[in-house]
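Right, one structure below, let's go through it.
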Amino acid sequence: MGVADELPQLREGYLLDYDMRTWEVTQHTAYDDPRWPADEWTLETGDDLLFLEYEYDDGDVFLLYERIEMTDVTAEGEPLRAVVRDEEPPATLAYEDTEYTLIEEGTGTRMIDDRTNDLHYWDYASDDDVLGLERYGSGDWSVYVGREVEPYEFDNILPRATE
C-alpha cells in the first residue's frame, strides 16, 4: 500500500511525518455534501496545527491548510471583517500580497464524531494556493490558507503504539 492509499485511512492517534516533523492526527472531520464530499484530519505537533483535507469527488485531491487571522485578510481594499457582514462573497481577497479569486461558495454539513453542524463556505484560489472561509451557524468566520499537496510529501504513517 502506498502513501496515496494510506492517507485516506488516517485515524485519530496516527502519526505521520511531513516537512521533517512528526505530526499526530488529533481529529477526523467528514464533510457530507454532494458537491463537496471530503474528509479532513487535524494534525498537531507542539503548538503547530494543520488541517489535511482529502477531496474525492472529482479525483483524489489533498489540501493542507493552516488557520490564519481574519484581520490579515482584506477584501477589495476593505478589512475582511467589515465585508463578511454583507453575506455576499467578495470577488477577490488579499493575503500577504497575494490576490485570491472566488471559485466557489455554498453550504454543507460537517460531522465530527456524532455532532453535525451546518456551514457556509467561500473558497478562493491563486495559482496553487487556496484561501477558505467557513462559518458554522451564526458564529464568526474561520479563515484558512493552504495549498494542494501530493501524498509523497508525507511519510512514516503509523498508528500510535498502544501501551
Side-chain angles (χ1 to χ4, degrees), residues 3-4 6-8 10 16-21 23 25-112 117-155:
V3 174
E6 290 179 283
L7 281 178
L10 290 174
L16 69 154
D17 291 345
Y18 169 74
D19 198 27
M20 298 176 45
R21 297 170 74 188
W23 299 79
V25 177
T26 59
Q27 182 172 290
H28 172 256
T29 304
Y31 292 90
D32 185 25
D33 187 292
R35 296 170 297 156
W36 179 45
D39 285 302
E40 179 184 85
W41 299 273
T42 303
L43 308 178
E44 294 186 45
T45 188
D47 291 335
D48 293 331
L49 185 70
L50 294 174
F51 302 93
L52 176 62
E53 184 174 299
Y54 171 53
E55 297 180 357
Y56 46 85
D57 63 332
D58 193 18
D60 293 346
V61 175
F62 293 93
L63 301 164
L64 193 64
Y65 291 97
E66 64 180 318
R67 187 173 292 172
I68 59 172
E69 295 295 324
M70 181 180 271
T71 55
D72 294 337
V73 180
T74 58
E76 300 164 357
E78 300 283 330
L80 180 58
R81 186 169 301 284
V83 175
V84 297
R85 292 187 188 122
D86 294 337
E87 296 294 322
E88 291 296 321
T92 60
L93 296 178
Y95 172 71
E96 291 188 345
D97 298 324
T98 300
E99 185 172 278
Y100 296 84
T101 303
L102 180 69
I103 57 171
E104 183 177 18
E105 67 108 3
T107 58
T109 303
R110 175 180 79 162
M111 295 175 291
I112 302 173
N117 301 94
D118 293 329
L119 72 112
H120 193 115
Y121 66 90
W122 299 345
D123 287 337
Y124 294 79
S126 176
D127 297 323
D128 295 330
D129 295 331
V130 290
L131 190 145
L133 284 80
E134 293 181 351
R135 185 184 70 206
Y136 300 93
S138 61
D140 284 338
W141 289 89
S142 296
V143 185
Y144 305 88
V145 67
R147 66 179 179 85
E148 188 171 335
V149 292
E150 296 296 331
Y152 67 79
E153 296 180 57
F154 299 88
D155 200 6

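Side chain of E40 to backbone of F51: no donor-acceptor contact under 3.5 angstrom is found. Checked by atom type and distance alone, the side chain of T42 never pairs as donor or acceptor with a backbone atom of T26 at under 3.5 Å. Between the E153 side chain and the E150 main chain, a donor and an acceptor come within less than 3.5 Å of each other.
Shown here for D140 and R135, the closest heavy-atom pair between the two residues is O-CG, 3.8 Å. When all heavy atoms of F62 and P151 are compared, the closest pair comes out as CE1-CG, 3.7 Å. Among all heavy-atom pairs drawn from V145 and I68, the shortest one is CG1-CG2, 3.4 Å. Closest heavy-atom contact between Y95 and D72: CD1-O, 3.4 Å. Across all their heavy atoms, P8 and W41 have their closest contact at O-CZ2, 3.6 Å.
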Derivation of the side chain to side chain contact (heavy atoms under 4.5 Å, CB included) call for L7 and D60:
CA-CA 11 Å; L7 281 178; D60 293 346; over 6 Å; no

Verify side chain to side chain contact (heavy atoms under 4.5 Å, CB included) between V73 and Y100, making sure each step is shown before the conclusion.
CA-CA 10 Å; V73 180; Y100 296 84; over 6 Å; no

Stepwise, does the side chain to side chain contact (heavy atoms under 4.5 Å, CB included) test hold for W141 with H120?
CA-CA 9 Å; W141 289 89; H120 193 115; 3.6 Å; yes

Under the side chain to side chain contact (heavy atoms under 4.5 Å, CB included) criterion, do D39 and H28 qualify, and how do the steps go?
CA-CA 7 Å; D39 285 302; H28 172 256; 2.8 Å; yes

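Side-chain contact between Y31 and E134 is present, with at least one heavy-atom pair separated by less than 4.5 Å. T45 places none of its side-chain heavy atoms less than 4.5 Å from the side chain of Y18. At least one side-chain heavy atom of V25 sits less than 4.5 Å from a side-chain heavy atom of L16. Within the 4.5 Å cutoff, side-chain heavy atoms of E76 are placed close to those of T92. Put simply, the side chain of V143 does not reach to within 4.5 Å of the side chain of L93, judged on heavy atoms. The shortest side-chain heavy-atom distance between D118 and T107 does not fall under the 4.5 Å cut-off. In this structure the side chain of L43 reaches within 4.5 angstrom of the side chain of L64, judged on heavy atoms.
A side-chain N or O of Y144 and one of R67 form a donor-acceptor pair less than 3.5 Å apart.
Residues satisfying the salt bridge (Lys or Arg N to Asp or Glu O under 4.0 Å) test with D48, not counting sequence neighbours, are R21.
In this structure, the separation between CZ on R147 and CG on D128 is 9.0 Å, given to the nearest 0.5 Å. The CG atom of L119 sits 7.0 Å away from the OG1 atom of T109 when rounded to the nearest 0.5 Å. Y65 OH to L52 CG: the interatomic distance, rounded to the nearest 0.5 Å, is 10.5 Å. With rounding to the nearest 0.5 Å, the separation of CG in L131 from CD1 in I103 is 10.0 Å. Atom CD of E66 sits about 9.5 Å away from atom CG of L49, to the nearest 0.5 Å. The OG1 atom of T101 sits 12.5 Å away from the CG atom of D123 when rounded to the nearest 0.5 Å.
Between W122 and Y124, the two ring planes are perpendicular [angle over 60°; tilted spans 30° to 60°].
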